[in-house]
Amino acid sequence: MAGTLYLIPVPLGPTAPQESLPANVLASIRPLTYFVVEQAKTARAFLKAAGTDLPLQELQLQELNEHTKANELDRLLEPLRAGHDVGLLSEAGCPAVADPGANLVALAQKEGIRVVPLIGPSSLLLALMASGLNGQRFAFQGYLPAKEVERTKMLRNLENESKKRQQTQIFIETPYRNRAMFDAVLQACLPTTRLTVATDLTLPGESVLTRTIQVWKKQTPPEIERRPTVFLLLA
């Protein structure tokens, strides 16, 4: 009988797992021996803080990240096929959302392997909850194009789609490009469109601000460079 693939959320910043993960989730992590992780070094730090029954050096960690080739995914399922439970975790937040973990989950589903999502922090839902934007109709767009022309075109398309469907558009950016993304939204979108900037969610510097583009242009830009940030807009 195949094992179970547990999807393990990770804190959104340098906080103790016990502050953002329920006790039953920590209890599910503790007996696991096999893990699929984005980066072994940071995963070991998380597992050490979360607590495991086995010493860290006896845990079996395999990496799955942007460098993993499609033909390497199959071997990651071998422990599951052999009957072992496996934990999948990303660098922050919920795995398999905007990271390569989704490909492993798809393979597990294809083989009929049980997949169990565990409760934990999701920056996307936390940002939506605090935004005041439409929480019944929304879409997550992941990362937008980095090049200026393509990014501006995409932002205008998202704004049009938002207006047409009254749909909140959610997207993220690499932290060191947050300011460029903020400036691009202000340049591309209409004055009446509402933009939420959600930064450092669950962390001491947490800030969630919703303003129209017109108001944002009159304010001092938020301090978001190199800080984890989620952007949401509603036209």
Side-chain angles (χ1 to χ4, degrees), residues 6-30 32 35-52 65 87-102 105 116-136 138-144 168-179 181-182 185 194-211 216 219-234:
Y6 289 98
L7 310 185
I8 301 171
V10 172
L12 300 176
T15 58
Q18 291 76 9
E19 293 181 16
S20 54
L21 299 180
N24 65 321
V25 170
L26 295 170
S28 298
I29 297 170
R30 201 166 292 122
L32 296 177
F35 295 90
V36 176
V37 307
E38 273 197 84
Q39 301 293 335
K41 182 178 179 181
T42 50
R44 286 195 184 93
F46 165 75
L47 292 168
K48 180 179 180 181
T52 55
N65 50 45
L88 172 67
L89 52 123
S90 63
E91 288 292 277
C94 297
V97 178
D99 73 46
V105 175
V116 175
L118 300 179
I119 296 170
S122 162
S123 60
L124 307 179
L125 286 180
L126 291 170
L128 181 64
M129 288 162 61
S131 69
L133 305 184
N134 193 337
Q136 292 206 81
F138 56 89
F140 174 53
Q141 306 295 343
Y143 293 92
L144 305 192
T168 300
Q169 302 289 341
I170 307 171
F171 47 96
I172 54 180
E173 181 52 283
T174 304
Y176 70 85
R177 287 204 297 255
N178 279 339
R179 180 57 193 276
M181 175 60 77
F182 177 78
V185 176
R194 283 183 286 168
L195 169 68
T196 298
V197 180
T199 303
D200 282 352
L201 291 162
T202 75
L203 303 178
E206 180 179 275
S207 170
V208 184
L209 299 172
T210 299
R211 307 282 187 268
W216 274 121
Q219 291 190 183
T220 302
E223 295 181 6
I224 55 177
E225 197 69 354
R226 299 186 183 278
R227 297 167 66 187
T229 297
V230 180
F231 298 90
L232 308 89
L233 67 81
L234 181 64

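Worth knowing before you read on, the calculation uses all heavy atoms, side chains too, and leaves out hydrogens, waters and symmetry mates. Positions are given from 1, in the same order as the sequence printed here. No experiment lies behind these values; they were computed from the predicted model shown.
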request  = Drop me the distance from Thr202's OG1 to Leu12's CG, to the nearest 0.5 angstrom.
outcome  = 4.0 Å

query = Just wondering, are more than 12 heavy atoms of other shown residues or ligands nearer than 6.0 Å to CD in Glu223?
reply = no

message = So Val97 and Phe140, do their side chains get closer than 4.5 Å, heavy atoms only?
response = yes

ask   = Hey, mind stepping through Phe46 and Ile8 against side-chain contact (heavy atoms from CB on, under 4.5 Å) and telling me if it holds?
value = CA-CA 11 Å; Phe46 165 75; Ile8 301 171; 4.2 Å; yes

task = Just say parallel, tilted or perpendicular for the rings of Phe182 and Trp216, cut-offs at 30° and 60°.
result = perpendicular

query = Side chains of Leu234 and Phe138: closer than 4.5 Å at any heavy-atom pair?
reply = no

ask   = Can you name the nearest heavy-atom pair linking Val25 to Ile119, along with the distance?
value = CG2-O, 3.4 Å

ask   = At their closest point, which heavy atom of Ala49 faces which heavy atom of Pro17, and how far apart are they?
value = CB-CD, 3.6 Å

request  = Find the distance between CD1 (Ile170) and CG (Leu232) and round it off to the nearest 0.5 Å.
outcome  = 5.0 Å

Separation between CE of Met181 and OG1 of Thr229, rounded to the nearest 0.5 Å = 11.0 Å

query = Taking side chain as C-beta onward, heavy atoms only, is Thr199 less than 4.5 Å from Pro228?
reply = no

key: Non-hydrogen side-chain atoms of Ser28 and Leu118 separated by less than 4.5 Å   = yes

inquiry  = To check you understand the geometry: which heavy-atom pair defines the closest contact between Thr42 and Gln39, and what is its length?
reply    = OG1-O, 3.2 Å

task = Evaluate the criterion side-chain contact (heavy atoms from CB on, under 4.5 Å) for residue pair Asn178 and Phe231; output intermediate values, then yes/no.
result = CA-CA 9 Å; Asn178 279 339; Phe231 298 90; 3.8 Å; yes

ask   = Which atom names give the shortest non-hydrogen contact between Pro100 and Glu38, and what distance separates them?
value = CD-OE1, 4.4 Å

Distance-minimising heavy-atom pair for Phe171 and Leu144 = CD1-CD1, 3.7 Å

ask   = Is there side-chain contact between Val208 and Val230, with heavy atoms separated by less than 4.5 Å?
value = no

Pairwise side-chain contact, Leu21 with Pro121, heavy-atom cut-off 4.5 Å (strictly under) = yes

request  = Provide the closest heavy-atom pair for Cys94 versus Gly120 in the form atom of the first, atom of the second, distance.
outcome  = SG-O, 4.2 Å

request  = Output the distance between atom CD1 (Ile172) and atom OH (Tyr143), rounded to the nearest 0.5 Å.
outcome  = 4.0 Å

ask   = Quick one: are Leu32 and Thr52 in side-chain contact, heavy atoms under 4.5 Å?
value = no

query = Do you see a donor-acceptor pair shorter than 3.5 Å between the side chains of Gln169 and Gln141?
reply = yes

message = Taking Gln219's backbone N and O only, do any of them form a donor-acceptor pair with Arg211's side chain (distance below 3.5 Å, no angle check)?
response = no

request  = Flag the pair Thr168 / Thr196 as yes when at least one side-chain heavy-atom distance between them is below 4.5 Å, and no otherwise.
outcome  = no

message = Within this structure, what is the CZ-CD distance for the pair Arg227 and Glu206, rounded to the nearest 0.5 Å?
response = 10.5 Å

